[in-house]
Protein chains: 2
Amino acid sequence: MGKDMKQTTRRFQQMYEKLKKFHYKLTPQRIAILKILSERFDHPRPEDIYDDLQQQLPTTSPATVYKTLTVLKKLKEVLEIQYSHESNRYDAVNPFPHPHIFCTACQKITDLDFSEYDILQKKIALQTGYHVETVCLEVAGVCPDCQKISESFPGSR
Amino acid sequence: MGKDMKQTTRRFQQMYEKLKKFHYKLTPQRIAILKILSERFDHPRPEDIYDDLQQQLPTTSPATVYKTLTVLKKLKEVLEIQYSHESNRYDAVNPFPHPHIFCTACQKITDLDFSEYDILQKKIALQTGYHVETVCLEVAGVCPDCQKISESFPGSR
DNA sequence: TTTTTATATGATAATTATTATCCATTGATA
DNA sequence: TATCAATGGATAATAATTATCATATAAAAA
C-alpha cells in the first residue's frame, strides 16, 4: 500500500467519522463523494467531483455535490478556495487554511509551502486590533514548466 | 482645500490623463465614473457606483459602469477585489495591489498596512521558481469597534 | 425485524453578478 | 463641419450556486 493510499484512506475515515459524530446520514452518495475528495489532490471543482461521481452513481444530481460540500465546509473538513465568477475549488486532503499558487498558463493549483503563513494571523491581529478569523493568501503566476514552454515558443501566448 | 480633496482631484486627473493617453473617449459617463471612483474611499461595488452615477446621469446603464471598470482594470487604474458570488469591490484611490482586512460584522473593508507585503512577491518567486504575477492577501475578522459592541451585547450575533 | 421519522436526494426553478449583443449616438480628428 | 470608429443603453445570455419540494431512505425506536 503506497503512502498516498494510506493518506487517502485515513482522510476518508476522518471525514466519515466526523459525519457520523454529528449525526449526518451516511448515504451512498455522500460516501462516494468523500472517497472522491480524499483521492483528489488537485483541488477539484464541484463539476469535477460530479463527473467522477457519475461514474459510480449515474443518477446523482449536481445539487447533491453542492449540498455535501456545504456540510463538509461547516464541519471544516474541506477547504473552499473561492474564485470570482468561476467555479470554486475544494481541498479536502488538507482542509486547514493554507496558501496556494495558481499557474495562469496551465491552471494548476499547488500548495504554497510558506512557513511564515502561520504567524501571519498573529502579526496582523496584533497590528490591527482585529479578531482575525481568516487569512487568505493566494498567489498567481507562471510555473517553471510553463516558463520553459514559453521560452521554446516565444510569443505563443 | 482639504488633504482628501487634493488627493481626490489628483487621482481624477491621473485617470483622466491615462484614458486620454490611450485614446479612450472622454464621455460624460466616464468622467462622472472617474469622479465617483476618485471620491470613494470605501471600496465600492459596481452597484454602488451605479447608484451614485444615477444622481448625475439618470439614463445610464449598469453595463456602462462594468465597461468602464473593465477599461480601468486594463489600464491598472483600479484594483479589483474579487469576492465569490457577491459583487466585486473596487479601489481606484490606491490602484496598486495591496492587502485588505474585512470586518465580518460591519462589512467594512480597510487597507491593511502590512510592511512585509512588498517583499512577499520576491520571497515566493525565489522559493517556488514561479514568475509571480499577483499576490492576493485578504484578511477577515472582527474590527475593534465591533468587538466592543459585541462585548456590550454578548450573544447578540 | 418492522415501524417510524427526520433527513437526504434529485429534478427543476430561481437567483444574481457579470458579459455579450446590437443598434443608435457621439467624441475626437481631419 | 463631416466623418467614423468607439461608446452607451437596452436587453438577452451566461454560469455558478442556491432554493424548492415531492419522493426516497438511513438510522433510531419499538
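Letters A, B, ... mirror the listed sequences (proteins, then strands); counts begin at 1.
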(request) Mind calculating the distance between CG (A:L57) and P (D:dT25) to the nearest angstrom? (result) 12 Å
(request) Would you mind telling me which of B:I109, B:L112, B:T110 makes a side chain to side chain contact (heavy atoms under 4.5 Å, CB included) with B:F102? (result) B:I109
(request) Round to a whole Å and report the spacing from CD of B:Q56 to P of D:dG8. (result) 14 Å
(request) Would you kindly compare B:S61 and B:S84 by the position of their nearest DNA chain D nucleotide and give the one closer to the 5′ end? (result) B:S61
(request) Take the C1' atoms of the five end pairs on each side of the helix from C:dT1-D:dA30 to C:dA30-D:dT1, get both axes, and report the angle to 10 degrees. (result) 30°
(request) Starting from P on C:dT12, measure out to OH on A:Y66 and report it in whole angstrom. (result) 17 Å
(message) For a quick check, with a 4.0 angstrom heavy-atom cut-off, what is the B/S/- contact string for nucleotides 21-30 of chain C, read 5' to 3'?
(response) B----BBS--
(message) Using side-chain heavy atoms (C-beta onward) and a distance below 4.5 Å, is A:V139 in contact with B:Q121?
(response) no
(request) Give one of base, sugar-phosphate or nothing for B:P62, where a contact means two heavy atoms less than 4.0 Å apart. (result) nothing
(request) Look only at the side chain of A:Q147 and the backbone of B:G129, and say whether a donor-acceptor pair between them is shorter than 3.5 Å. (result) yes
(message) If I take atom CG in residue A:L53 and atom P in nucleotide C:dA8, what distance separates them, rounded to the nearest angstrom?
(response) 16 Å
(message) Output the rounded distance in Å from NE2 (B:H85) to C1' (D:dT18).
(response) 10 Å
(request) Answer yes if the side chains of B:Q7 and B:R10 hold a donor-acceptor pair under 3.5 Å, and no otherwise. (result) no
(request) Output the single nucleotide from C:dT9, C:dT18, D:dA16 whose closest atom is nearest the side chain of B:S87. (result) C:dT18
(message) What is the distance, to the nearest angstrom, from the CD1 atom on B:I81 to the P atom on C:dT18?
(response) 13 Å
(message) Is there a side-chain contact between B:R45 and the phosphate of C:dA17, meaning an N or O under 4.0 Å from OP1 or OP2?
(response) no
(request) Give, for atom CD1 of A:I124 and atom OH of A:Y130, the distance between the pair rounded to the nearest 0.5 Å. (result) 11.5 Å
(message) Can you classify the ring geometry of B:H43 versus B:H100 as parallel (below 30°), tilted (30 to 60°) or perpendicular (above 60°)?
(response) perpendicular
(request) Find the distance between CG (B:N88) and CG (B:L69) and round it off to the nearest 0.5 Å. (result) 9.5 Å
(request) Please step through salt bridge (charged side-chain N to carboxylate O under 4.0 Å, His left out) for the pair B:E116 and B:K123, ending with a clear verdict. (result) CA-CA 10 Å; B:E116 288 151 78; B:K123 271 192 187 175; 5.4 Å; no
(request) Respond yes when some side-chain nitrogen or oxygen of A:N88 is under 4.0 Å from OP1 or OP2 of D:dA16, and no when none is. (result) no
(request) Working to the nearest 0.5 Å, report the span between CG of B:L79 and CG of B:N94. (result) 7.5 Å
(message) Just the rounded figure in Å: distance from C1' of D:dG8 to OH of B:Y50.
(response) 12 Å
(request) Select base, sugar-phosphate, or nothing to describe what B:T59 touches, counting heavy atoms under 4.0 Å on all strands. (result) sugar-phosphate
(message) Whether A:Q82 contacts D:dA16 is assessed here as follows: a side-chain N or O lying under 4.0 Å from the phosphate OP1 or OP2. Is that the case?
(response) no
(request) Measure the distance from CZ on A:R30 to P on D:dT25 and round it to the nearest whole Å. (result) 15 Å
(message) Using a 6.0 Å cut-off, check whether atom CG of A:D113 has over 12 heavy atoms from anything other than its own residue.
(response) no
